[in-house]
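The block underneath contains the structure these notes are about, expressed in structure tokens.
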Amino acid sequence: MKGTQLGEFEELVLLMSGLLDGNAYTVTIVEEVAQRTGRKLTLSAVHTVLNRLEKKSFLQSYMGGATGERGGRRRRLYKITASGFQKLSEARAVRSQIWNEMPKLSFDFSY
């Protein structure tokens, strides 16, 4: 079923949301991904994925407190749900199983 599967980008955003545990919002996710992977993301792309993950019930959002650095505006924070963590665990298990079955590959192409 398409609605419950994780795409690669969704998985990355969900992982970062779990890693940031309660401090995940669009900006921190973009920064964390850039720091850990060197991948540059746009705020709008991450925002779109956060909304999609929340609709799938893999994330739950709530409004944080107002901050002076944001002109008194509150930020929307995201926290991974139990079903989101379960989905990440399933994805990890599938990847591990496939890697464990990977044969020794030869890259010698001289036939």
Side-chain angles (χ1 to χ4, degrees):
M1 176 197 265
K2 182 179 179 183
T4 61
Q5 297 303 310
L6 278 182
E8 183 266 339
F9 188 44
E10 288 177 321
E11 184 177 346
L12 184 60
V13 171
L14 191 56
L15 276 168
M16 291 304 135
S17 300
L19 181 72
L20 291 164
D21 192 30
N23 291 313
Y25 63 100
T26 308
V27 173
T28 57
I29 292 169
V30 167
E31 292 171 349
E32 197 69 31
V33 169
Q35 178 185 350
R36 292 178 176 271
T37 69
R39 193 168 168 178
K40 295 183 191 317
L41 306 177
T42 65
L43 294 175
S44 61
V46 171
H47 183 73
T48 299
V49 169
L50 288 168
N51 286 333
R52 191 165 48 233
L53 290 169
E54 190 170 22
K55 285 180 184 171
K56 291 180 179 184
S57 298
F58 296 155
L59 286 176
Q60 185 173 22
S61 71
Y62 57 97
M63 296 305 290
T67 63
E69 66 195 35
R70 292 176 44 87
R73 293 183 322 204
R74 299 167 62 185
R75 57 175 67 131
R76 182 168 296 281
L77 299 166
Y78 294 85
K79 192 160 178 76
I80 192 169
T81 63
S83 61
F85 187 81
Q86 176 64 34
K87 186 54 76 172
L88 281 176
S89 296
E90 290 169 9
R92 181 180 183 187
V94 167
R95 281 182 175 50
S96 292
Q97 180 181 357
I98 293 169
W99 274 105
N100 290 337
E101 294 175 15
M102 181 73 73
K104 265 194 172 166
L105 300 174
S106 170
F107 297 101
D108 178 17
F109 294 107
S110 56
Y111 294 99

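Taking Asn100 as the reference, nothing meets the side-chain hydrogen bond (donor to acceptor under 3.5 Å, both in side chains) condition, with sequence neighbours excluded. Residues satisfying the side chain to side chain contact (heavy atoms under 4.5 Å, CB included) criterion with Ser57, sequence neighbours excluded, are Ser83.
Counting heavy atoms from C-beta on, the side chains of Ile80 and Leu59 come closer than 4.5 Å. Residues Leu50 and Ile29 are in side-chain contact: their nearest non-hydrogen atoms beyond the backbone lie under 4.5 Å apart.
Criterion: ILVMFWY side-chain heavy atoms under 4.5 Å apart, direct or through other members. Under it, Phe107 and Met102 are part of a common hydrophobic cluster. Side-chain heavy atoms closer than 4.5 Å link hydrophobic residues (I, L, V, M, F, W, Y) into clusters, and following such links, possibly through other members, connects Phe85 to Tyr62.
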Distance-only donor-acceptor hits, side chain of residues 14-24, under 3.5 Å, sequence neighbours excluded:
from, atom 1, to, atom 2, distance (Å)
Ser17, OG, Val13, O, 2.9
Asp21, OD1, Lys79, NZ, 2.6

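Around the CZ atom of Arg39, the shell of radius 6.0 Å holds more than 12 heavy atoms that belong to other residues, nucleotides or ligands. For Glu90, the CD atom counts as densely surrounded, since its 6.0 Å shell holds more than 12 non-hydrogen atoms of other residues, nucleotides or ligands.
Between Glu11 and Arg95 there is a salt bridge, with a side-chain nitrogen of the basic residue lying less than 4.0 Å from a carboxylate oxygen of the acidic one.
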message: Go through it in stages, so that I can follow the logic: the residues are Leu88 and Leu6, the test is side-chain contact (heavy atoms from CB on, under 4.5 Å), and I'd like the CA-CA distance, side-chain angles, deciding distance and then a yes or no.
response: CA-CA 8 Å; Leu88 281 176; Leu6 278 182; 4.1 Å; yes
task: Quick one: do Lys56 and Glu10 satisfy side-chain contact (heavy atoms from CB on, under 4.5 Å)? Show the steps, please.
output: CA-CA 11 Å; Lys56 291 180 179 184; Glu10 288 177 321; 3.1 Å; yes
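Counting all heavy atoms, side chain and backbone alike, Phe9 lies closest to Ala45 at CE2-O, 3.8 Å.
Each of Arg76, Arg75, His47 was compared with Tyr25 under the side-chain contact (heavy atoms from CB on, under 4.5 Å) criterion, and only Arg75 meets it.
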